[in-house]
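Report on one structure; see the data block that follows.
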Protein chains: 2
Amino acid sequence: MYHEIADQLIQAITKGQFTSKLPTEAKLMARFGVSRNTIRRAIDVVYQQGLLRRVQGSGYYINHVQLNSKHAVNLSVGAGKPLVKNSPRPTSKIVTFDKAIAATIPLATQFNVEADAEVYRVIRLRYMDAAVYALEESYYLTAVVPFLSTESVNGSIFEFLAETFNIAVIASDDYLSMTKLAEDQATLLDQKPGTHRLTLAQMNYTKNNTLFNFSKTIYADPKMSFYFHSAHLSSN
Amino acid sequence: MYHEIADQLIQAITKGQFTSKLPTEAKLMARFGVSRNTIRRAIDVVYQQGLLRRVQGSGYYINHVQLNSKHAVNLSVGAGKPLVKNSPRPTSKIVTFDKAIAATIPLATQFNVEADAEVYRVIRLRYMDAAVYALEESYYLTAVVPFLSTESVNGSIFEFLAETFNIAVIASDDYLSMTKLAEDQATLLDQKPGTHRLTLAQMNYTKNNTLFNFSKTIYADPKMSFYFHSAHLSSN
DNA sequence: TTTCATTTGTCCGTATGTATC
DNA sequence: CGATACATACGGACAAATGAA
């Protein structure tokens, strides 16, 4: 219940329905017909995403997150969704799409994924507006994701998983660093080998914190930037 | 109250008092003599920092965060504390320490800091084990931070602020990107100009979400990495 | 396979504290 | 000072997942 309320509040804020402040808790209680605890729980979710400033005795103020760079990713919302409004959807060119065993994958051993786990391997170039912006290498545990359609691999895999298996990201571990492009990576990204580029390694967990996906994404644009909001649960 | 309990739980976990699971909520209620809501609130805090996996019907499992790189920063704990256990404390070499007006600072205008705000400016080289690891450019609003001792600037400013003014980080906005080193930056960091390095721009907020500090840190080591855990408030 | 106790997840109502205006 | 609004804490009830009998 508080999940839905949180979603509605987030939508309302991003749509600009509340310009400077959120209604008071009392008003929100009346509007949604729930108890104060439930409203506060929902507000916690919104607050955690950095959309609110909370001031005791005064109210909840809207925070307008700034993403100056054209290529910016907001990591605090969970999966790496580009947060630029009305951004065009990325397209993909598949490099590899097969199955593998975790033990044979460097990324998997690095993150202590169970060695004998079977995974779908998807390596693809990601395009935005016909320009390549990332090289993505992602893996899906077949124990959790029994099937991956070629169609979804060409589009949004996460959307496919949500619709088909009701798999959603509950938590994620994110590691940001620079990688020196190897020959093959460089040619795929159309850059010089040895160039340093931002790289996001990610572990994604779903219900009950079971790992279902891990990936490594190298971003082509040197101006790429990542945003992340960290908020303690209560502000005072 | 739940804050203290959360702190105690975090300490207990990092000290290795609980190896695989946390005690049940019922036991924690008894141990701390508080209600279930309070315990759960405290656990929320711990969970948010990525130290726990929670499984309905089963319990809370300890998560051991992996930071493979020697130079790794955990951003989900708030300020940029190095999380390597027993890591030596960094030392500093001051490049600049004076006052300035926000309007004259590119970083401040970029983040829409009130133009006429007065700030302490601290530019310093950060050393770990006699080796330079970062060039830090940080600003403290004098409206919130009335005084900065030279002593603290040579050591830990955040510790000084906590002890002296009871200023703690409640929330932060973090921006990670690469910067191409300018001449002066390159010489300070002992690198070639034009080199790409990881850069963390940070806005730090204290009680009632008032901004008290913003900074930009360029990390010398190309192997530098950042960790960040993102967890939705409830896992199921 | 079913049942049942355990354990966490959600929601409610209430009371009191504290900061803001 | 009083009214408003958010912060914390308690107790109770039921739902849902887990794990063992």
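The sequence lines fix the lettering, A, B, ..., with proteins before strands; numbering per chain opens at 1. Not measured: the values here are computed from a predicted model.
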To the nearest angstrom, the CD1-P distance between B:Ile43 and C:dG9 comes to 8 Å
Length of the CD1-P vector between A:Ile5 and C:dT10, whole Å:
13 Å
Short side-chain N/O contact to D:dC10 OP1/OP2 from B:Thr38, under 4.0 Å:
yes
State, yes or no, whether a side-chain contact exists between B:Leu28 and B:Glu25 at a heavy-atom distance under 4.5 Å.
no
More 5' along DNA chain C: B:Thr24 or A:Gly57, using each one's nearest nucleotide?
B:Thr24
State whether the distance check finds a donor on one side and an acceptor on the other, under 3.5 Å, for side chain A:Arg36 versus base D:dA7.
yes
Answer yes or no: does a side-chain N or O of B:Arg40 lie under 4.0 Å from OP1 or OP2 of C:dG9?
yes
Counting only heavy atoms from other residues, nucleotides and ligands, does the tally under 6.0 Å from NZ of A:Lys27 exceed 12?
no
Figure out the CD1/P separation between B:Ile39 and C:dT7, and round it to whole Å.
15 Å
Just how far, in rounded Å, is P of C:dA15 from CE of B:Met1?
21 Å
Figure out the CG/P separation between A:Asp44 and C:dG9, and round it to whole Å.
15 Å
Row check, A:Tyr205 ring normal vs B:Arg53 NZ/CZ: under 6.0 Å, within 45°
no
Would you mind reading off the distance between B:Leu28 atom CG and C:dT7 atom C1', rounded to a whole angstrom?
12 Å
Distance in angstrom units between B:Lys207 NZ and D:dA7 P, rounded:
14 Å
Can you identify which nucleotide, out of C:dT8, D:dC10, C:dT20, has its nearest atom closest to the A:Ser58 side chain?
C:dT20
How about B:Phe228 and A:Phe228: are their ring centres within less than 6.0 Å of each other?
yes
If you check every side-chain atom of B:Asn37, which of D:dG19, C:dG9, D:dG12 has the closest atom?
D:dG12
Side-chain donor/acceptor contact of A:Gln56 with base of C:dG17 under 3.5 Å:
yes
Using a cut-off of less than 4.0 Å, is there contact between a side-chain N or O of A:Arg54 and OP1 or OP2 of D:dA7?
yes
Between D:dG19, C:dC21, C:dT8, which nucleotide gets closest to the side-chain atoms of B:Tyr60?
C:dT8
Output yes when a side-chain donor or acceptor of A:Thr19 lies under 3.5 Å from a complementary backbone atom of A:Gly16, and no otherwise.
no
Taken to the nearest whole Å, CZ/A:Phe32 to P/C:dC12 is 13 Å
Distance below 4.0 Å between B:Tyr2 side-chain N/O and D:dT8 OP1 or OP2:
yes
